[in-house]
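First the structure, in the form of structure tokens, and then the observations on it.
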Amino acid sequence: MRTLVTGAAGFVGSHVVEALEAAGHEVSGLDRRPGAGHSGEAPGERPGAGHSGEAPGGRPGTGHVVGDVRDAETLARSLRGVDAVVHQAAKVGIGLGIADMPEYASVNVYGTAVLLAAMAEHGVGRLVLASSMVVYGEGVYDCPRHGRVRPGPRAQPDLARGAFEPRCPYCGAEPSPVATDEDAPPEPRNAYATTKLAQEHLAANWARETGGTAIALRYHNVYGPRMPRDTPYSGVAAIFRSALESGRAPRVFEDGRQRRDFVHVRDVARANVLALGSGVPPAALTTCNVASGEPHTIGEMAAALAAAHGGPEPVTTSEYRLGDVRHIVAAAGRAARDLGFRAEIGFAEGMREFAVAPLG
């Protein structure tokens, strides 16, 4: 299948390109950086928006096109002869403030709208979209009295006194976290999350109006080689790894007991390959969690990285960030059923590799 990967030079995108090529797909890339480099920097985090042109030796429909996903002329050139699009390009991270909102909306929402319009114009009928577990907000919980509940944002006074666990919104009891499936109502809590959910809605609109096939892969906490280094937009795994590389102890916020699902980037790339070839129904959006199915705490992840790297040991700080969620772990059944996807790289194996793998 002739496939265009947007964000092809980024952290996840570069692995997706490799996995698609290994599976026999004819792959072309679109990114604002020349060539399929592996620094891991996301397209939306670089200067030079709107630059378009071809990398040396590139040509429409093959190789790597340098350009912005928001530029219709670049897309027309990139989509020529293409059967499917794997849309990875995005501005990532939770955002540092209200001032970040325009750029998130421009790259993630407007960029996706321009891409989908171009796909419709050029008759490209298959889309795999990189979405995120952040669309859920806080995870799902069970309250002893009220059953399944979705706690609201945690209050600053509670966090300041070290009361990190969410409370039942009805009785104030401490509920138990459970796996979150794709039918959980979305509750995005930052600019990035809001734009990822908007991408899903736009993809659903496109699928209904064109009869196309759209699959949104809701990535959980992705880690692995080429992950961006310690920046305000990095994931916590890269922040801990960068600290260890500099001889500093990883600083674990809250009490370290926050639960997440850490999934290796090569498993994520393989999920994209499976999604591209899946038989999900057309004219609708299918959403799938992409996760390991094995939740671990942030403290466990920091300890595993430190042990594999040879120290120093993590320090739990009780610091917190307003807006962070406490627990979000995935129900992985739909991806297994609809895509045939199950993660293959276990937590211990993946963390041992990541502790010494090159970063972006």
Side-chain angles (χ1 to χ4, degrees), residues 11-12 94 132-134 136-142 151 154 164-166 174-182 184 217-225 227-228 230 234-245 249-271 288-321 324-336 341-357 359:
F11 167 44
V12 176
I94 65 170
S132 172
M133 57 88 174
V134 295
Y136 297 120
E138 189 69 62
V140 175
Y141 294 74
D142 278 342
R154 296 175 292 169
F164 299 122
E165 294 296 334
E174 185 176 309
S176 301
V178 297
T180 302
D181 66 23
E182 295 84 353
L217 302 180
R218 291 174 174 170
Y219 301 162
H220 281 247
N221 288 66
V222 185
Y223 72 96
M227 194 172 186
D230 188 0
S234 295
V236 66
I239 292 172
F240 290 168
R241 167 61 204 282
S242 294
L244 290 165
E245 202 171 47
R251 296 177 60 82
V252 180
F253 280 17
E254 301 186 16
D255 57 5
R257 297 176 184 170
Q258 311 93 303
R259 297 173 77 222
R260 298 291 188 271
D261 189 306
F262 300 99
V263 58
H264 195 281
V265 67
R266 288 197 299 273
D267 278 328
V268 172
R270 187 167 51 83
C288 289
N289 288 329
V290 175
S292 71
E294 298 180 0
H296 290 271
T297 68
I298 299 289
E300 288 171 340
M301 187 265 286
L305 274 180
H309 195 274
E313 294 185 2
V315 175
T316 303
T317 69
S318 297
E319 295 173 87
Y320 59 87
R321 296 188 306 183
D324 277 359
V325 299
R326 178 64 173 175
H327 305 294
I328 174 70
V329 298
R334 183 180 293 179
F341 171 76
R342 291 178 177 82
E344 295 179 348
I345 300 173
F347 178 79
E349 174 192 356
M351 290 297 162
R352 283 194 300 268
E353 179 201 27
F354 183 54
V356 296
L359 296 180

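On a predicted model such as this, the values are computed, not experimentally measured, just so you know.
Taking every heavy atom of both residues into account, Ala304 and Phe347 meet most closely at CB-CE2, 4.0 Å. For the pair Pro228 and Ala238, the tightest heavy-atom approach, listed with the atom from each and the gap, is O-CB, 2.9 Å. Considering every non-hydrogen atom in both Arg260 and Val325, the closest pair reads NH2-O, 2.8 Å. Here the closest heavy-atom approach between residue Thr180 and residue Gly139 is recorded as OG1-CA, 3.6 Å. Pro312 and Ala249 make their closest contact through CG-N, 3.4 Å (heavy atoms, listed as atom of the first residue, atom of the second, distance). The two residues Tyr141 and Pro151 have their closest heavy-atom pair at CD1-CD, 3.4 Å.
Crowding of Arg257 atom CZ: a count of heavy atoms from other residues, nucleotides or ligands under 6.0 Å not exceeding 12. The neighbour count for Glu313 CD, taken as heavy atoms of other residues, nucleotides or ligands under 6.0 Å away, does not exceed 12.
Thr317 places a side-chain N or O within donor-acceptor distance of the main-chain N or O of Val252, the cut-off being under 3.5 Å. Distance alone, capped at 3.5 Å, places no donor-acceptor pair between the Asp181 side chain and the Arg334 backbone.
In this structure, the side chains of Arg251 and Glu319 come closer than 4.5 Å at one or more pairs of heavy atoms. Residues His296 and Met351 have side chains not in contact (no heavy-atom distance under 4.5 Å, counting atoms from C-beta outward). Side-chain atoms of Ile328 and Arg259, non-hydrogen and from C-beta on, never get closer than 4.5 Å to each other. Annotation: side chain of Tyr219 is not in contact with side chain of Val263 (no heavy-atom distance under 4.5 Å). Between Phe354 and Leu359, some side-chain heavy-atom pair lies under the 4.5 Å cut-off. Under the 4.5 Å side-chain criterion, counting only non-hydrogen atoms from C-beta, Phe262 is in contact with Ile298. For the pair Glu344 and His264, the minimum side-chain heavy-atom distance is 4.5 Å or more. By the 4.5 Å heavy-atom criterion applied to side chains, Met133 and Asn221 are counted as neighbours.
No side-chain donor from either of Glu245 and His309 sits under 3.5 Å from a side-chain acceptor of the other. Side-chain contact of Asp261 with Ser292: a donor-acceptor pair under 3.5 Å is present, judged by distance alone. With 3.5 Å as the limit, one finds a donor-acceptor pair spanning the side chains of Arg218 and Tyr136.
To the nearest 0.5 angstrom, Glu165 atom CD is 8.5 Å from Glu254 atom CD. Taken from CD in Glu300 to CG in Leu305, the straight-line distance is 12.0 Å, to the nearest 0.5 Å. A distance of 8.0 Å separates CG in Asp324 from CD in Gln258, rounded to the nearest 0.5 Å. In this structure, the separation between NE2 on His327 and CZ on Phe164 is 11.5 Å, given to the nearest 0.5 Å.
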Between Phe253 and Val236, is the side chain to side chain contact (heavy atoms under 4.5 Å, CB included) condition met? List the steps. CA-CA 10 Å; Phe253 280 17; Val236 66; over 6 Å; no
Salt bridge (Lys or Arg N to Asp or Glu O under 4.0 Å), that's the test. Do Arg326 and Asp255 meet it? Break it down for me. CA-CA 10 Å; Arg326 178 64 173 175; Asp255 57 5; 2.9 Å; yes
